[in-house]
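Index from 1, following the sequence. Hydrogens, waters and symmetry mates play no part in the numbers below; they use all other heavy atoms, side chains included.
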Amino acid sequence: QVQLVESGGDLVQPGGSLRLSCAASGFTLDYYAIGWFRQAPGKEREGVSCISSSDDRTYYTDSVKGRFTISRDDAKNTVYLQMNSLKPEDTAVYYCATHLALGAVPISCGLGRSLYDYWGQGTQVTVSS
């Protein structure tokens, strides 16, 4: 069964850190571009970071550059999002996504939603004192 399962969300104080995990089952995640998105209440879902399947090149939205880091662990079939120096405006449900319809192809990822057709269920991140 194909699945993407996010975990690691929590309540954290401003300035704190969290590491989100996106664990894949039913397919080899290494061959797919993976995106992290977030959606705050009343706002559109926005791309936060992604990692390409072609060359593992990474991209970040401007608001998280220098604070967030995306990475893969092929042995664990998992992609991580390390989030440091968290701010209240980072509060959102975080989702990971991939492109199952395209198959295992070497492509460059993007922060727009159009590439991605398979999503996890999300994990809540709340940054508050």
Side-chain angles (χ1 to χ4, degrees):
Q1 182 182 3
V2 173
Q3 274 191 311
L4 284 175
V5 179
E6 302 95 333
S7 61
D10 206 345
L11 170 63
V12 63
Q13 292 187 344
S17 297
L18 285 174
R19 188 178 77 162
L20 304 184
S21 300
C22 173
S25 58
F27 68 103
T28 303
L29 195 147
D30 184 33
Y31 301 137
Y32 291 79
I34 302 296
W36 278 101
F37 291 76
R38 66 186 180 187
Q39 188 166 19
K43 293 190 176 181
E44 295 284 323
R45 190 171 298 188
E46 65 166 342
V48 175
S49 180
C50 68
I51 185 165
S52 301
S53 58
S54 53
D55 54 8
D56 278 356
R57 187 168 295 186
T58 59
Y59 299 90
Y60 300 91
T61 194
D62 286 346
S63 62
V64 307
K65 284 180 181 176
R67 301 190 297 123
F68 290 11
T69 303
I70 190 171
S71 63
R72 295 182 188 268
D73 184 333
D74 295 339
K76 295 183 178 180
N77 214 27
T78 299
V79 167
Y80 300 101
L81 185 67
Q82 178 67 43
M83 307 188 297
N84 299 328
S85 301
L86 282 161
K87 303 175 181 180
E89 51 263 43
D90 295 318
T91 295
V93 178
Y94 284 70
Y95 301 88
C96 63
T98 191
H99 49 86
L100 290 185
L102 276 177
V105 294
I107 60 170
S108 181
C109 70
L111 298 181
R113 294 178 61 177
S114 61
L115 171 64
Y116 306 96
D117 57 29
Y118 193 83
W119 298 76
Q121 84 290 346
T123 186
Q124 175 70 48
V125 172
T126 303
V127 184
S128 175
S129 54

Six-ring centre of Phe37, Arg45 cation under 6.0 angstrom, axis tolerance 45° |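 No; the conditions do not both hold, so Arg45 does not lie above the ring face of Phe37.
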
Do you know which two heavy atoms are closest between [X] and [Y], and how far apart they sit?
X: Gly110; Y: Tyr116; answer: O-OH, 2.6 Å
X: Thr69; Y: Tyr60; answer: CA-OH, 3.3 Å
X: Pro106; Y: Ser53; answer: CA-OG, 3.5 Å
X: Leu102; Y: Ile107; answer: CD1-CD1, 4.1 Å
X: Asn84; Y: Ser17; answer: OD1-OG, 2.9 Å
X: Val93; Y: Gln124; answer: CG2-OE1, 3.2 Å

Can a donor-acceptor pair be found, under 3.5 Å and without considering hydrogens, that links the side chain of [X] to the backbone of [Y]?
X: Tyr118; Y: Val2; answer: yes
X: Thr126; Y: Thr91; answer: no
X: Asp55; Y: Arg57; answer: yes
X: Ser49; Y: Tyr59; answer: yes

Side chain proximity check, [X] to [Y], heavy atoms < 4.5 angstrom:
X: Ile70; Y: Val79; value: yes
X: Asp90; Y: Arg38; value: yes
X: Asn77; Y: Ser25; value: no
X: Ser71; Y: Ile51; value: no
X: Glu6; Y: Leu20; value: no

Can Tyr94 be reached from Leu18 by stepping across I, L, V, M, F, W or Y side chains whose heavy atoms are under 4.5 Å apart?
->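 Linked, Leu18 and Tyr94 end up in one cluster.
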
Rounded to the nearest 0.5 Å, what separation is found between the SG atom of Cys50 and the CG atom of Leu115?
->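 With rounding to 0.5 Å, SG (Cys50) is 8.0 Å from CG (Leu115).
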
With sequence neighbours left out, what residues match Lys43 under salt bridge (Lys or Arg N to Asp or Glu O under 4.0 Å)?
->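 Not a single residue meets the salt bridge (Lys or Arg N to Asp or Glu O under 4.0 Å) criterion with Lys43.
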
Which residues satisfy the salt bridge (Lys or Arg N to Asp or Glu O under 4.0 Å) test with Asp56, sequence neighbours excluded?
->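 With neighbours one apart ignored, the set is Arg72.
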
Look at the aromatic rings of Tyr32 and His99 and report parallel, tilted or perpendicular, splitting at 30° and 60°.
->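 Aromatic pair Tyr32/His99 classed tilted.
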
Report the C-alpha separation of Lys65 and Asp62 in whole Å, then their side-chain angles, then the decisive distance to 0.1 Å, and conclude whether the salt bridge (charged side-chain N to carboxylate O under 4.0 Å, His left out) test is met.
-> CA-CA 5 Å; Lys65 284 180 181 176; Asp62 286 346; 2.9 Å; yes

Which residues share a ring-ring contact (aromatic ring centres under 6.0 Å, His included) with Phe68, sequence neighbours left out =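 For Phe68 there are no ring-ring contact (aromatic ring centres under 6.0 Å, His included) partners, ignoring immediate neighbours.
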
For Glu44, look at atom CD and say whether over 12 heavy atoms of other residues, nucleotides or ligands are found less than 6.0 Å away.
->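 Check fails, neighbour count at 12 or below.
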
Would you check, one step at a time, whether the test side-chain contact (heavy atoms from CB on, under 4.5 Å) holds for Thr61 with Trp36?
-> CA-CA 10 Å; Thr61 194; Trp36 278 101; over 6 Å; no

Would you check, one step at a time, whether the test side-chain contact (heavy atoms from CB on, under 4.5 Å) holds for Ile34 with Cys109?
-> CA-CA 7 Å; Ile34 302 296; Cys109 70; over 6 Å; no

